[in-house]
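So the structure is just underneath, and the comments pick up after that.
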Amino acid sequence: AVEPVPGTEIFTEIVQAAIKNRMPSTAINREWFTSKMKGISIPGGQNFKVLYNHQQRKVSIAHGWIIENAFSKADASAGAVSLASAQRRSGLSGIVNVLLRHFGKEQVDTTYVLSNKRFSLGLGQDSFELGVGHQMLIGDLGEEVFIAGEVRIQQAGISFNFMSGTFTALLINSNPQGSAAFEAYWKSQLEKLFQSLDAPSVWLTTDTLMPVRNPPLQATAVGFCTGEQWMQSCVCVQASADQWYDWCSQLRRESAPCHMDLCKP
């Protein structure tokens, strides 16, 4: 028998309602799970290419950048912080107070995913989104995602959107009732979810909430360039129109050519 995790009832209740209402769900594109390329341009700065692999989530879990609420102990990621454990550590109540304390910020911007196995949040720190992109918030290829997007947590409350090229775009296109019905349904369900977690106010926005224009922080450089060898080949920086260098080597004041084919565990 599956052993449920206490405190996750609000999430599973919303998942069961989605199934009952025949809302679409989708597994991740198999190729994206191990290899998803993203071009990033920093305003007034450099152009980068980042190759994402699901194994990069080990870095974000190790740093406490992912808040994962798995519905069963069998599906929980080893070492991941849950909302319940962050609440115990902080001694506070309510999702806003707990997460602002956990991350030590006055504003927290995250990705989020609600699947048949978990509700997860991934801390956005810069445009590289190391280990916290939507494909990093699930545990395996068979996981069925119902909704994904971005969340902004402030003392005043929580705002959220449905922005996720990995999941929401596919879900909207597969909803027989169309995009307006899909968004209206999940607007009401996510408002219910966050209100149940004692958010003082909740609102839907069409704004981008993740820091997609911010240059990579030191923590991102450390995560990519000082850990496992394969991860050091996952970011390239443009030197000229047709020349790309390995970013980690450039940070070491070397200029090795870009070899993204080595970005795999």
Which residues pass the side-chain hydrogen bond (donor to acceptor under 3.5 Å, both in side chains) test with [X], not counting sequence neighbours?
{"X": "Asn29", "answer": "none"}
{"X": "Glu13", "answer": "Lys192"}
{"X": "Thr220", "answer": "Asp126"}
{"X": "Lys36", "answer": "Thr166"}

Is there a side-chain contact between [X] and [Y], using heavy atoms and a 4.5 Å cut-off?
{"X": "Leu99", "Y": "Leu83", "result": "yes"}
{"X": "Lys264", "Y": "Thr34", "result": "no"}
{"X": "Met163", "Y": "Thr208", "result": "yes"}
{"X": "Ile67", "Y": "Asn69", "result": "yes"}

Suppose the criterion is salt bridge (Lys or Arg N to Asp or Glu O under 4.0 Å): which pairs have a residue in [range], not counting sequence neighbours?
{"range": "residues 88-105", "result": "none"}
{"range": "residues 15-32", "result": "none"}
{"range": "residues 174-191", "result": "Lys187-Glu191"}

List the steps and the verdict of side chain to side chain contact (heavy atoms under 4.5 Å, CB included) for Cys225 and Trp247. CA-CA 9 Å; Cys225 301; Trp247 182 54; 4.2 Å; yes
Partners of Glu143 by salt bridge (charged side-chain N to carboxylate O under 4.0 Å, His left out), sequence neighbours excluded?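 Glu143 satisfies salt bridge (charged side-chain N to carboxylate O under 4.0 Å, His left out) with Arg118 once adjacent residues are dropped.
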Linking Ile, Leu, Val, Met, Phe, Trp and Tyr through side-chain heavy atoms less than 4.5 Å apart, which residues share a cluster with Met260? Met37, Leu51
Can you find a side-chain donor-acceptor pair between Asn116 and Glu144 that sits under 3.5 Å? no
Go through the structure and list residues passing ring pair (Phe, Tyr, Trp, His ring centres under 6.0 Å) with Phe33, not counting sequence neighbours.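 Phe33: ring pair (Phe, Tyr, Trp, His ring centres under 6.0 Å) contacts with His54.
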Suppose we screen for side-chain contact (heavy atoms from CB on, under 4.5 Å). Which residues come up paired with Gln55, at least two apart in sequence or across chains? Asn53, Lys58, Trp230, Pro265
Which residues pass the side-chain contact (heavy atoms from CB on, under 4.5 Å) test with Gln250, sequence neighbours left out?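 So Gln250 forms a side-chain contact (heavy atoms from CB on, under 4.5 Å) with Gln46, Val237, Tyr245.
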Atom pair CZ (Phe224) and SG (Cys263), whose distance is rounded to the nearest 0.5 Å: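 Answer for the CZ-SG pair, Phe224 versus Cys263, is 7.5 Å.
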Could you tell me whether Phe119 and Phe71 have their ring centroids closer than 6.0 angstrom? no
